[in-house]
Every structure is written in C-alpha cells, then in structure tokens.
Amino acid sequence: MKYNFKTIEKKWRETWKKSKIYEPKLGNPKKKLYHLVMFPYPSGDLHIGHWYNFVPSDAYARMKRMQGYDVLSPFGYDAFGLPAENAAIKRGIHPKIWTMKNIKTMTKQVEATGNSYAWNQMVITCLPEYYKWNQWIFLQLYKKGLAYKTKAPANWCPSCKTVLANEQVVEGKCERCDTVVVKKDIEQWLFKITKFADRLLKDLKDLDWPEKTKLMQRNWIGESKGAELEFGIVDSEEKIKVFTTRPDTLFGVTYAVLAPEHALVEGLKEKITNWKEVEKYREKSKNRSEQDRLDETKEKTGVELKGVRAVNPANQERISIWIADYVLATYGTGAIMAVPAHDERDFEFAKKFDLPVKQVIIEEEVSNNKSALLESPFLESGVITNSTKFNGTQSEEAKQAITKFVGGKFVTRYRLRDWLISRQRYWGTPIPIVYCKECGMLPVLEKELPIALPPLKDFKPAEDGRSPLARNKKFLKTKCPQCSGPAERETDTMDTFVDSSWYFLRYLDPKNSKKAFDKEKAKKWLPVDMYVGGAEHTVLHLLYARFFTKFFFDEGMIEFEEPFTALRHQGTILGPDGQKMSKSKGNVVDPDGLVAEFGADTVRLYLCFMSEYSQGGPWNPKGILGVARFLERIWKAKEKVGKKDSNEITPLLHKTIKKVTDDIQNFKFNTAVSSLMILLNELEKQESIGKDTFETFLKLLAPFAPFMTEELWYELGNTKLTSTKLGGSIHIAKWPSYNPKFLEEGEFDLVIQVNGKVRSKIKAEKGITEDEAKNLALADEKVKTALGGKSVKKVIYIKDRLLSLVV
RNA sequence: GCCCGGGUGGCGGAAUGGUAUACGCGCAACACUUAAAAUGUUGUGAGCGCAAGCUCAUGUGGGUUCGACUCCCACCUCGGGCACCA
C-alpha cells in the first residue's frame, strides 16, 4: 500500500491536538527544558524561512521530550509593528483586524508543520492583556530612573511633514516621496541600557552562544579603556574635558577639537571672534542629512574658534581649539585632544588645516632623533620622545604615569547608546505618561493600566512630529493622577523590541491578569535552555532581552541574570537560483504547496537534510525527491518486519543511535538524517527486519518525521487510540540508548600507509594491538611491494584505524 | 578602512591531524514494461593503463608533520557585521 500522507497527517494532527501530548504540566517539572523559537511577525504568510527556523529545532525539542525532559515549547506572535499600519492605509482595514486575521491563517500553517508546540501558552503582543505589562514594566523602569525623556533626533521627511521609521528611510530618502530625509530633534523616551553595559559585556562569556554572535555583541557594546584629562582655557575658568585611549601621546597634542554641539562652544561665545562663522558651521552640521553622511568622502571639515586657546596640562603649551563634526557629541566627553602624529583622523585634519604635527612616540630609541616629517601617523606603541621626563620610557607603561602627572583619571567608556523607545506611530504600546499643566510630567497609576489603543482611521503622524494618537481627543485628554485637573497623555508608542524583550517570561502565564509573570513559575522554567532564531537579531533583540532580564533580576522579580542559556541560529534558505527569495524575482519556495505535494514529513526531513543548519543555502527542487523516496522506502520496509533480528545489523544500529543522538544534540540535523539513510540502506539488504530494530529506527526518525513514525508505531501495536485518548505515542516513548560494547566490536578496515601514502587495506578485528596490526601489514603482498625490501624505521598505530610505516 | 566567517565532484554537502568526496541530487547502463513513468540493480572526481595499479586533486603559493580539507605564514576571492567611537 502506498504511503498516503494526506489522511495520515490529518489524523495525527487532530489526535495530538485533542490529547494535548505537547502541553507540559507547568506545575512541577522534574527535568525541565524550555525550548524557544523566536516568535514571528504575523505578516500573513508562513514562508519556508519560518519552517527552517521552527522545524529542525522542533526535532531537537522532540528528542529531548523522548529523553524524558518536561519540554516547554511555546509559540506566539510579535504582533505590533509598521506593516499592519501600511496594510491598513493601503486596504482600509484596521491594523488589529488585519493582524488577527493573519494570526489565524499563520497558526493553521504552523500546525501543518506538525511541530510540538504548547498552543495553550500562546502569546500575542498586540492584545491589551499583553501590552498592559509593557506599560507596567515601563513604569518600573521609570521609577528607577531608567526611563527618561530627552531631545533626540528622529527621521523627518520635510515634504510629507512626518516622522519616518528607520525602515521607511531608503538610502537616505523617504520611501514614499523620495525627498532627502533630515534629522529633527524631538522629545523622546529612552531606556538607560548603558547603565548595564559592563554587565552585558561581562556575562557574555558564560553563554552557550555562537562565538560570532557574542563577538558582535561585544563590538556593539564597544568597551574602551582610557583616560579623562582636563585642558584649561586661557583667561577662563572653563575647562575642556577629553577622553583618550592614548594618554601616552599627551605631549604630542597640537590642538583640541569639540563636537559642534558641545555646550562649551556656547559658553565661550563672548570670547570667540569669528562667532558668525562658527555658528554657520554648527547650523550646517545640525541639518546635515542622512544623504550627506552616506555620500561623504571622508573629507574632514571644521572651524577654528578664534580668540580662544587651550592649555596642554602636560607642558603648558597653548593650542588652538576647533569644532569639527568628526568629533561625536555622543561619545566620550564630546571633545578630544588631537595628536596628529599618532592618530589617523587627527593627522588628516591637521594636514587639511595646516596644523603642526609633533611626534612623541618612536619605534626605537635612537641617540639622535631628528623627527623627520611624518608621511602617515605612527599608530603603534613604542618609545616616548619629546616628552620631557618621560622620554625613553615604553609608551604602554607611560599611560598611567602621564595620566597621573596631569591629574587625570582612568575610565572605561562604552560605545553602547541608550535605547530610544519612542515611536511616533499608532500600532504599538502607548507610553503610560500624562502631562499636567500644574503638576508636570507624571506616570499613569498602575491600577489604570492598560492604557488601551483607541480606534483610529488615519495612521499618519502629525505635522508637528507627534504620533497619530494626538489627533484622538478622547485618548489625549485625561485627568491628572495627582490633582485631577485637565491633563494630556503621552502620544508616542513603544518600539516593538520592548514587546520581544520579555515575552519568554509571559509564555509561562499568558493569561495572568495580576502580574506580568510569576516569580515561582519563572524559577521552575527559566532561563530558556535553547533559543533558536535568525542571526539578524544578533544585536538588538538579544541585547534588549538581556537588559530587561538584568533589570528584573535587580528588582528581585526573577532569580537569573541571563535569559537564554544556549542560542543557535538557522541559516538562510535561498531561492533555487541562489538568490535571496523575493516575490519580484519569482524564486519564492511555497511551503503550503510542498506540503500538498509531498506531505509535511517530507518537507521537514528535507529541511533537516539539505544543509548544515546554521548555513542554509539554495533550495534544490529535485533534492526533496531524495527524502520523499527515503520515506516511501521506510513505508515499504515495514512489510519485512518479522520476529528475527539479525545480529549482523546490531553494531550499525548502535552506532546510528549514538550518531543521531549526538547530532541532534549538536544541531547537526543533516548528518543525523544521513546516518538514518545509511541504516535503512542496510536494513533493506536483510531478509527480515527484527521488530525491535525497526522500532528503534522509528524512534530515531520520530523527531524528523513525526506523522509517519506515529502511524507505523500504531500499526505495530504500540499506540493506543480511542476517540478521545492517545496512549503510548511514539513521541513520548523512551529515546533509545546504545551499548558502547557494540561500538568496539566487529571488523574494520585497517589502513596501511607507507611513507604517508595509503598502500593497502586489510580487514581486521577491532581492538587488535600494534604488534598484531604490524604483523598483518608485513604479511600483506601490497605492503611488501610498497616497502620494496627496505627496513621499517618507524611505526605509528592509530587504534582501530590505521598503521603508518616509515622506511 | 577595520573585525569575523567561508572557498571540497556536474550540484547540496560529509570528514577538525589518520581511508578525501559519506549521504542525497543529477547523470549513464541494465532489469521490469508494448512504451513511458515509477521502482529496482550497478556505475559515477580527473588523467594514464587491457588490467592489477599508478599519478594528480579540498581557492593560490609556501611551511610544519610519518601523515594536512583540517595546524602555521602570505595572497586571491565570496559572504556577514561595524563604520570618523578618540
């Protein structure tokens, strides 16, 4: 009988759902395993990339379940975001209706995969029952001073008169009207993630994450150790504070540079003789568009602050002060000491404006150091020169000494910026803040939560840069929580990354209306043991989730500091042409069509088999035929199942158990499947297949092909099925274990090398000694020929593998 | 520019110091068939040879080693990330 996947898959999908075998009892797990896939955005269509994220990792979850773990594998939707607004504008459907409809469709599609999700734990972030807690968390951060409001630049389209999300800026231009986008300063909310920079960096080292991902997070946090030094200003009480990683070059400073926005510029206004010019430059750099920045040829610009001079604290030398936009206001102190001889950017700037270059570090100490004109800056460390009493010391060692000499201090700086969470958008979580004319800015009372999104028809931000929520008077007008006088609500909504920063906690208790999450339940199930998702979320999502977790820990709300103990990324599946899939290229692989043609098991198996998981690669439409044949052959092999087990197959069976177990554990799904294929190839050569052997084979295959294995398991009389109950399912059967004894017995091909070249292979018993192997080799005709009568000088023996003879 | 990660048959890939090319796709021949499809069997890196076999081959060039896809050095190339971070 041919394998009829359609009826079989339908039958088991329904049976599993009814019997709830994938819904763990959350109460008291003996051996918990929290397996999590990154929840998708409900775009309305589950593409093959989703399958690739969800299916192989489900194989991992399934094996763990069979190994006796209480596996929690939940699923949900990251349901706020811009596409819903765009769809609403385009088709006139409300974002919520569009989103919920998509969720319904996608859930059906996800169910088709046969994945073992605990559907009863579903989380949907755009529902008030979820975003209420975003607001609550915001209030906790606010209370601790970790949520604050400040002027921050937003993307502004001067033509549409609207704020744009980053995704709406395409190559520095507005995606709608192609106008060059500028930065506009507006009051926005930020989370103080920088306060956690050191811990976010330090705690990376213990995580079982891809090294590359950890490295990217490290670079993003960007730790740099250096000194903070103060430069005096002639005839002024003001000081310029600078941050430098090279205090050893202090004697080589020939000018100082402030960021154009630096507050001191304003403070020195009275003294500056070319104020007009200065102001013009400041204005220009402020209005600098994204486009400009992208086009920039790296040519340095700047203006000298004429009439003011700074004093080098090391040698009291007077130096010029400049403003230039190559110095960033947002990093360090917003001011630098310029050492053109030892810094590339300073060198370039000095050359353009004809500023002095003074070398203070040389490669080696020479008796007569005439400093020749430098053609390029000398960036390495070396020996100090031209620096009075520090001459002749090693520059690395002089760092501390020189810093101390001028009364500076050593500090650690981070590149990481605070997290801007304000969005001037409709489809997100409203920020729970009100503004009262009398009492000022106040947080919403916790008992007032959730502040629900009001219905709205027009989703474009207002011309003053405010969110569309500002147009809804019913939403906007409220009472002051303090004086009950008239007040206005904050109209910005939160970045959707807020939603995804703690959803893994909510899964335990998605309906809890009293708390965001329960400490006791969290203690039992978290942290997440295995997190699987795309590498594109390497930096932002993972960093934000770690930040939230550390905050919750500090607040005593949970007892762990890192949310994701282990992390794996799936690769990207490309179209058959090797290009990224896109509708316009017409190279999109449609999973629904594949399921209809081949069945879910086949699609699952091929996704696991086609490539190394983290690598991905092009989809080969013919390749899937291989695994389809494999399943058909298993279906046929069932007919050969008899009582007698052949001993011959036992060593291979045990080898396969070990290989499949190890490979799934290590996310090497492709080689796990290939070892099952090898086993089947051998089983087919047998007259009859033992029932035990076949059952073991089915169990090993069950994580990959849950439907067919369940059906065969049932036909072999293991699964008990009544109209409402499922007993003895293969998916909760005990995972096979191997006997190491079988791996050490039997025959192997002893490879004989002479002078490093393979000259012969001899069948031998496993476990033979070096002498036995040598005797076998020396008796072999081919080896004799290769040796040519010469005497063996050296013998290398690798047990159960190879003998290397050197003559 | 800087930092990572790759480059293996016609194709997807396997092998992390020990038989290079497992497994699969494709291709070829044969069997079954009136025929085709499906299925099954066998073969399949390149070159030389009737053959046993020999030589060459994991981006390129060098090195370490009895032995290198694997380790080291230099270069070529593709992909990813960051990008004036002092």
Side-chain angles (χ1 to χ4, degrees), chain A residues 2 210-220 222-224 226-227 242-247 249 257 259 293-294 296 298-300 324-339 342-346 348-349 413-417 535-536 538-539 572 576 578 605-606 609-612 614-630 632-633 636 668 670-681 684 748-761 781-782 785 792-807:
Chain A
K2 211 162 150 63
E211 278 308 317
K212 192 181 175 181
T213 301
K214 292 206 254 183
L215 187 70
M216 278 169 69
Q217 290 227 347
R218 279 191 196 105
N219 291 340
W220 191 262
E223 184 184 66
S224 114
V242 303
F243 173 70
T244 179
T245 52
R246 296 295 303 271
T249 64
V257 190
R293 272 175 197 270
L294 288 170
E296 198 177 16
K298 285 213 168 175
E299 176 89 357
K300 299 267 184 298
D325 62 8
Y326 83 91
V327 175
L328 308 172
T330 45
Y331 184 75
T333 60
I336 62 154
M337 59 180 223
V339 189
H342 304 290
D343 182 278
E344 231 160 333
R345 295 145 302 178
D346 297 347
E348 207 185 307
F349 190 81
R413 290 274 177 183
Y414 299 93
R415 219 154 160 147
L416 183 69
R417 306 284 157 78
E536 67 275 15
T538 294
V539 177
T572 314
L605 208 57
Y606 184 57
F609 181 66
M610 65 177 276
S611 177
E612 203 276 311
S614 65
Q615 214 173 298
W619 179 267
N620 179 354
K622 286 267 177 75
I624 195 168
L625 294 172
V627 290
R629 283 175 201 146
F630 173 60
E632 290 285 355
R633 282 161 52 206
K636 255 189 246 167
K668 303 280 179 209
N670 55 340
T671 46
V673 175
S674 101
S675 67
L676 286 168
M677 287 172 168
I678 293 169
L679 180 59
L680 181 70
N681 290 347
E684 281 180 329
F748 76 104
D749 281 335
L750 175 67
V751 175
I752 317 291
Q753 290 187 348
V754 176
N755 281 346
K757 292 211 154 125
V758 177
R759 293 300 174 186
S760 184
K761 292 168 194 174
E781 280 307 317
K782 287 178 197 163
T785 315
V792 175
K793 280 191 202 128
K794 195 174 168 189
V795 178
I796 294 124
Y797 180 59
I798 308 295
K799 191 172 166 278
D800 293 352
R801 224 174 250 273
L802 166 146
L803 187 79
S804 182
L805 304 172
V806 187
V807 294

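We name chains A, B, ... by the order of the sequence lines, and we start the count at 1 in each one.
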Nearest-angstrom distance from the residue atom [atom1] of [X] to [atom2] of [N]:
| X | N | atom1 | atom2 | value |
| --- | --- | --- | --- | --- |
| A:Asn755 | B:rU65 | CG | P | 15 Å |
| A:Lys793 | B:rG67 | NZ | P | 13 Å |
| A:Gln217 | B:rG80 | CD | P | 20 Å |
| A:Met337 | B:rA86 | CE | P | 13 Å |
| A:Asp749 | B:rA20 | CG | P | 12 Å |
| A:Met216 | B:rG79 | CE | C1' | 13 Å |

Polar side chain donor-acceptor pair, A:Asn681 to A:Arg633, under 3.5 angstrom: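 Side chains of A:Asn681 and A:Arg633: pair found under 3.5 Å.
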
Atom CD of A:Glu344 with >12 non-hydrogen neighbours under 6.0 angstrom: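 No.
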
Which whole number of Å gives the distance between the [atom1] atom of [N] and that of [M]?
| N | M | atom1 | result |
| --- | --- | --- | --- |
| B:rG59 | B:rU77 | P | 16 Å |
| B:rG6 | B:rG13 | C1' | 14 Å |
| B:rG45 | B:rU58 | C1' | 11 Å |
| B:rA14 | B:rG7 | P | 10 Å |
| B:rG9 | B:rG18 | C1' | 22 Å |
| B:rG26 | B:rA38 | P | 9 Å |
| B:rA37 | B:rG17 | P | 47 Å |
| B:rU42 | B:rC4 | P | 49 Å |

Does [X] reach a base, just sugar-phosphate, or nothing at all? Heavy atoms under 4.0 Å.
| X | value |
| --- | --- |
| A:Ser804 | base |
| A:Val327 | base |
| A:Arg415 | base |
| A:Glu612 | sugar-phosphate |
| A:Glu211 | nothing |
| A:Gly578 | nothing |

Base-pairing string, 5' to 3', of RNA chain B - Watson-Crick or wobble, under 3.5 Å, | interstrand: (((((((..(((.....[....)))((((((.......))))))((((....))))..(((((..]....))))))))))))....

Set of side-chain contact (heavy atoms from CB on, under 4.5 Å) partners for [X], sequence neighbours left out:
| X | result |
| --- | --- |
| A:Lys622 | A:Asn620, A:Leu625 |
| A:Val539 | A:Met216, A:Trp220 |
| A:Val627 | A:Thr602, A:Leu605, A:Tyr606, A:Phe609, A:Ile624, A:Met677 |
| A:Lys782 | A:Ser760, A:Asp780 |

Which residue lies more 5' along RNA chain B, comparing A:Ile798 with A:Lys636 via nearest heavy atoms: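 With A:Ile798 and A:Lys636 compared, the 5'-side residue is A:Ile798.
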
Residue whose closest nucleotide on RNA chain B lies nearer the 5' end, A:Leu802 versus A:Lys794: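 Final value for this comparison: A:Leu802.
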
Residues that [X] engages under side chain to side chain donor-acceptor pair (under 3.5 Å), provided they are two or more places apart:
| X | value |
| --- | --- |
| A:Arg413 | A:Glu228 |
| A:Ser224 | A:Tyr331 |
| A:Lys214 | none |

Kindly give the atom pairs (protein nitrogen or oxygen, nucleotide nitrogen or oxygen) under 3.5 Å for nucleotides 43-53 of chain B.
| unit_1 | atom_1 | unit_2 | atom_2 | d |
| --- | --- | --- | --- | --- |
| B:rG53 | OP1 | A:Lys782 | NZ | 3.4 |

Residue A:Lys757, side-chain atoms from C-beta onward, closest of B:rA86, B:rG18, B:rC56: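 Minimum distance to the A:Lys757 side chain belongs to B:rC56.
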
Mind listing the N/O atom pairs, protein and nucleotides 22-26 of chain B, below 3.5 Å?
| unit_1 | atom_1 | unit_2 | atom_2 | d |
| --- | --- | --- | --- | --- |
| B:rG24 | OP1 | A:Asn681 | ND2 | 3.4 |
| B:rC25 | OP1 | A:Arg629 | NH1 | 2.6 |
| B:rG26 | OP2 | A:Arg629 | NH1 | 3.4 |

Any side-chain heavy-atom pair of A:Arg246 and A:Val339 under 4.5 Å: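 A side-chain contact is absent here, since even the closest heavy-atom pair is not under 4.5 Å.
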
Spatial distance of atom CD (A:Glu612) from atom OG1 (A:Thr671) [nearest 0.5 Å]: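 It is 8.5 Å, given to the nearest 0.5 Å.
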
B:rA86 OP1/OP2 closer than 4.0 Å to side-chain N/O of A:Tyr331: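 Yes, such a contact exists.
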
Ignoring hydrogens and angles, write down the donor-acceptor pairs under 3.5 Å from the side chains of residues 795-807 of chain A, residues two or more places apart or on other chains.
| unit_1 | atom_1 | unit_2 | atom_2 | d |
| --- | --- | --- | --- | --- |
| A:Tyr797 | OH | A:Ile768 | O | 3.0 |
| A:Asp800 | OD1 | A:Gly767 | N | 2.8 |

For A:Phe349, all residues meeting ring-ring contact (aromatic ring centres under 6.0 Å, His included), sequence neighbours excluded: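 Partners of A:Phe349 by the ring-ring contact (aromatic ring centres under 6.0 Å, His included) criterion, ordered by chain and then number, come out as A:Tyr255, A:Trp322, A:Tyr326, A:Phe353.
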
Base B:rG18 to side chain A:Gln753, donor-acceptor N/O within 3.5 Å cut-off: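 Indeed there is one.
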
The single option from A:Val242, A:Thr333, A:Val257 passing side chain to side chain contact (heavy atoms under 4.5 Å, CB included) against A:Val327: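 By the side chain to side chain contact (heavy atoms under 4.5 Å, CB included) criterion, A:Val327 pairs with just one of A:Val242, A:Thr333, A:Val257: A:Val257.
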
